[in-house]
Amino acid sequence: MAFGRFCVHPGKRLLTRDSQPLEIGGRAFDLLMALIEQPGRVLSKRELLKRVWPDVVVEDGSLRFHMAGLRKLLGEGSDGGDARFIATQVGVGYAFVAPVERLGLEPPLPDRAVTMPAPLEAQVGGTTNIPPPLPHLIGREGDLDLLIARVADIALFTVVGPAGVGKTSLMIEIGHWLTARFNGRAVFVDFSMLENPALVPTMIAGAMGISVQSGDPAAAIIGHCGSAPFLLLLDNCEHVIDEAARIAERIVEQAPHVRIVATSREPLRVRGEHVHRLDALDYPPDTDALTREQLLAYPALQLFHERARAADSAWEIDGNEARLIADICQRLDGMALPIELAAVRAATHGIAATARQIGERFSLAWSGRRTAQPRQQTLRAALDWSYDLLSSQERVVLDRLAVFVGPFSVDAALEVVSDAAIGSDEAAIALDELAAKSLISANRVHGAGTYRLLEMTRAYAREKLAARGADDHRTATRRHALFFLSELEALAAQDSAAFLDARALRPQLGNIRSALEWSFGPNGDSGLAVRLAAASMPVFLNLSHLVECRTWATRAIAALAPIQRGTAVELELQASLGIALMFAHSNSPEVGKALTRALDVATLMEDHRSSLGILARLHIFHEHVGDYALTMACARQAIAVAEEIADPEALAIAYSLSGISHYQAGDQTCARRDLELALEHGSASQGSRSVAHGFDHRNRASIALARVLCLSGEPEAARRLAERTVAEAAALDHPVTHCIALICSMSIDLWMGEFARARETLPVLRDCARANALAPYIVVAQGFEGELALEFGRHAEAVEALEGSLRQLREARYELLTTRFSLALARGLAAVGRLADARRVVDTSIARCIDTGERIALAELLRVKAAIASAEGAVDGALALLDEAIALARSQGARAWEMSVAADRAGMPAGSISPGGSGIVR
């Protein structure tokens with residue numbers, strides 16, 4: 001059965017295009033047969049699934065995946081843009097819409113050794129020498145379409161790219177597509193085995209079947225091309241670039257009907273040349289949310305999967321293995337040759353073992369096809385080929401560039417590679433040549449101005465740098481570390497806002513980490529290491545990499561030289577260590593020790609702004625551990641320091657601390673006054689404050705004011721402020737601040753009985769905390785999960801979650817929410833009939849609140865205690881507790897608590913109070 005350029009041989013389960021066999025999977029072939037047997041009819045998904053997977057239950061995703069692969073194999077849209085074979089009827093199924101001709105007897109199969117269809121009359125030499133194409137050229141549909149559409153109108157196209165990206169495969173495919181358009185007048189010339197550049201014209205003539213009698217082969221070539229269209233394919237021009245450029249330019253000038261497609265690792269740089277840069281195959285940047293089928297839709301993974309299946313017919317993978325393959329493809333930068341070699345390796349040694357070996361020295365020697373060109377049989381051979389073509393100066397520059405991890409600027413490169421022997425001008429020229437030769441990759445996005453080495457090139461160059469000796473290696477790595485130290489210190493000299501552009505900072509994390517590792521290593525420089533660690537702290541804090549922040553700060557503090565103690569370097573390290581420990585680990589005594597030392601250094605240096613920032617961190621630390629007397633002391637000290645600074649922003653920070661302290665102490669009137677002053681003095685929320693303090697003080701003040709408004713009997717105003725605060729926190733792209741705002745939002749939702757809204761917020765909080773390793777907030781999310789379970793009547797589940805959360809919070813010395821969760825636990829215990837345990841939880845919480853000065857929830861604690869007493873039959877005791885709670889709430893200005901307790905008090909004549917119900921808005 002034939003359609004378009006294709007023919008199906010059902011008995012042999014064979015699909016051909018232009019009489020050439022195509023590789024097609026069994027499921028895809030069955031799918032194609034089902035469609036072409038009934039052209040024009042819409043087959044439902046159920047019909048197709050039953051036909052193709054008769055004995056297996058599969059999801060619609062498998063059908064979509066194989067249908068997409070079949071369409072790609074048929075080249076829908078690539079044949080002049082009009083080819084269309086399969087139509088989709090949304091929600092129903094698929095139909096084959098191209099005419100199908102039944103040919104009867106199947107024609108004989110072509111010999112696989114035949115490299116092309118039968119030659120046309122006008123073919124040069126009677127046959128074409130273009131090598132057979134790959135059965136399936138993966139991920140190059142866009143490149144193929146562009147070149148096929150333009151080659152006929154452009155005299156010279158050079159396909160440029162690094163070793164192993166797939167230039168030759170693409171050009172061969174182009175040749176087969178265009179041969180008919182050139183009436184069979186097409187010749188392929190492979191220069192890879194040519195050592196003498198002077199023989200380039202002779203080799204072209206020989207490929208064309210021309211017997212050159214004169215001393216000018218180029219003239220003979222031009223003469224034989226005549227006035228008819230001719231396609232000349234020149235492969236692997238990089239090592240004969242000068243001679244290839246000369247003859248290409250001459251042919252372009254003197255034979256206007258000739259079209260040349262060349263491949264090279266750098267452009268020919270001649271008149272009339274158009275360059276097509278061949279990029280790596282696409283791979284998924286993030287794999288967590290993708291299914292196996294979605295992952296395998298990426299070209300890099302398709303290539304890996306196809307080559308592995310060819311190496312092992314039993315090859316099958318699941319979703320986790322597909323994610324591991326995606327990681328391999330990412331680490332191989334989507335380069336075709338390394339992916340093919342890794343796939344063959346994975347088919348033999350397993351995916352996990354192959355993934356571990358990527359980037360290691362012996363991975364450069366992995367073998368590919370025996371019949372491939374020698375330069376393509378291993379990665380090392382491919383890179384040797386390019387390296388041997390470099391000048392001695394270019395080799396030195398490439399080797400030294402291996403110290404970079406990820407992108408680097410021109411300034412960074414020149415700083416690292418320049419020395420007495422290679423000046424900055426020479427280094428810049430070498431850098432430009434290496435980029436032209438595709439050994440370093442330029443980021444062509446507008447304004448980027450950065451370069452990078454592909455991972456395997458970097459591994460190769462790293463070996464070469466090590467072979468130059470320890471002194472060369474140490475010099476390059478030291479210059480690398482010094483460059484990033486100077487860059488970070490220059491940023492710090494501006495202001496904290498300089499660290500806000502995460503897009504600029506994040507790509508440099510690899511270089512910063514590498515510089516730190518070397519500086520702290522056995523051959524490093526401890527003095528430089530300490531300065532570099534201090535300069536890196538704002539980067540790690542801004543990106544919320546708190547575990548790394550803690551690690552490097554701890555190592556640097558241990559390595560402080562006597563001369564560095566009591567300086568800005570120690571101040572930055574101690575302050576950063578404190579905030580990192582607090583949010584990523586626990587509120588251990590080490591947090592207080594680090595922050596107190598930072599405050600002492602700031603005071604000694606008379607650095608009032610730093611003192612204010614450290615007081616803000618100490619305030620939240622003492623709030624976390626439940627020492628509210630010290631939070632108030634920090635707030636008073638902060639006001640004194642802010643008055644010394646005499647700056648509105650400083651006063652805003654100080655008043656925010658004071659307002660939060662009054663809120664926790666139960667004085668809602670003073671809390672509202674100070675928090676409104678803080679918001680009045682401060683400017684809009686800025687990420688720079690998050691960098692400077694570890695959180696945004698304005699956001700924190702807004703959170704506290706929202707709670708004050710809620711307790712003061714203004715729930716709608718509280719709700720609006722909480723929503724605006726969460727939106728501002730999310731816009732800051734600072735996870736700590738975002739988590740704090742989400743906790744506030746959930747607190748108010750639960751107080752107001754907005755349980756559905758709270759349930760929507762919970763996964764956002766949990767995901768943000770987990771993604772950024774914010775251990776305390778992960779546990780807080782568990783506590784809120786318990787509260788929600790309680791509100792939805794799942795009492796036993798609530799008790800278990802709340803008990804687990806409270807245990808972990810106390811182990812981490814995070815007491816800020818233990819009173820809230822203890823209230824919920826007491827209600828849950830009462831609901832399951834454990835009244836004595838419930839009473840004990842409440843009594844313990846009341847005693848702790850009185851002892852620490854946390855009076856904010858005392859009225860609610862007394863209300864819940866009264867409910868438990870009522871359930872136990874002690875009605876008089878319950879009434880006394882409720883009267884005490886009403887008086888306390890009234891004195892605090894907590895009208896919402898007062899109304900909540902009064903509602904319970906009004907229900908007492910009925911004989912009991914229910915221990916359930918946490919809402920304060922009734």
Side-chain angles (χ1 to χ4, degrees), residues 1-41 43 47-49 51-54 62-80 82-88 93-118 130-141 144-145 148 169-170 172-177 179-180 293 296-297 299 302-303 305-310 313 315:
M1 295 187 285
F3 55 91
R5 299 169 56 195
F6 298 90
C7 187
V8 179
H9 309 260
K12 299 181 175 63
R13 293 184 65 80
L14 174 69
L15 173 67
T16 64
R17 181 180 64 198
D18 298 333
S19 300
Q20 295 299 301
L22 295 176
E23 285 193 6
I24 181 171
R27 303 289 189 192
F29 188 86
D30 292 340
L31 193 59
L32 177 61
M33 285 299 303
L35 291 167
I36 65 173
E37 285 173 354
Q38 303 180 69
R41 176 174 176 263
L43 299 178
E47 287 179 275
L48 290 170
L49 288 170
R51 169 71 180 269
V52 180
W53 289 273
S62 296
L63 177 60
R64 289 195 300 272
F65 171 73
H66 285 84
M67 186 67 73
L70 178 57
R71 280 173 158 156
K72 184 176 293 185
L73 183 63
L74 296 178
E76 285 204 357
S78 64
D79 190 4
D82 298 324
R84 184 166 178 257
F85 301 108
I86 302 170
T88 303
Y94 303 89
F96 198 85
V97 294
V100 177
E101 180 184 1
R102 296 182 181 270
L103 302 177
L105 293 177
E106 295 186 7
L109 291 181
D111 189 336
R112 282 192 175 271
V114 175
T115 59
M116 274 290 292
I130 303 176
L134 291 172
H136 185 200
L137 187 64
I138 295 172
R140 298 301 183 197
E141 293 81 3
L144 191 61
D145 290 347
I148 288 172
S169 297
L170 176 62
I172 290 171
E173 189 77 12
I174 292 167
H176 283 287
W177 276 88
T179 296
E293 286 72 21
L296 290 176
Q302 287 179 28
L303 178 62
H305 189 52
E306 183 176 289
R307 297 299 184 264
R309 287 183 64 187
S313 59
W315 172 268

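As the structure is a computational prediction, the values presented were derived from the model and not from experiment.
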Practice problem: List the atom of Leu43, the atom of Ala34, and the distance in Å for their closest heavy-atom pair. | Solution: CD1-O, 3.3 Å

Practice problem: Provide the closest heavy-atom pair for Phe3 versus Val8 in the form atom of the first, atom of the second, distance. | Solution: CE2-CG2, 3.7 Å

pair [X]-[Y]: side-chain heavy atoms closer than 4.5 Å:
| X | Y | value |
| --- | --- | --- |
| His305 | Trp315 | yes |
| Met67 | Leu35 | yes |
| His66 | Val52 | no |
| Gln20 | His176 | no |
| Ile24 | Arg13 | no |
| Leu74 | Ile86 | yes |

Quiz item: Would one find more than 12 heavy atoms of other residues, nucleotides or ligands at under 6.0 Å from atom CZ of Arg17?
Solution: yes

How long is the gap from [atom1] on [X] to [atom2] on [Y], to the nearest 0.5 Å?
| X | Y | atom1 | atom2 | value |
| --- | --- | --- | --- | --- |
| Leu296 | Leu303 | CG | CG | 12.0 Å |
| Leu73 | Leu137 | CG | CG | 12.0 Å |
| Met1 | Ile36 | CE | CD1 | 3.5 Å |
| Tyr94 | Glu47 | OH | CD | 13.5 Å |

Exercise. Using a strict cut-off of less than 4.0 Å between a Lys/Arg side-chain nitrogen and an Asp/Glu carboxylate oxygen, indicate whether Glu23 and Arg309 qualify as a salt bridge.
Key: no

Quiz item: By side chain to side chain donor-acceptor pair (under 3.5 Å), which residues pair with Arg71, not counting sequence neighbours?
Solution: Thr88

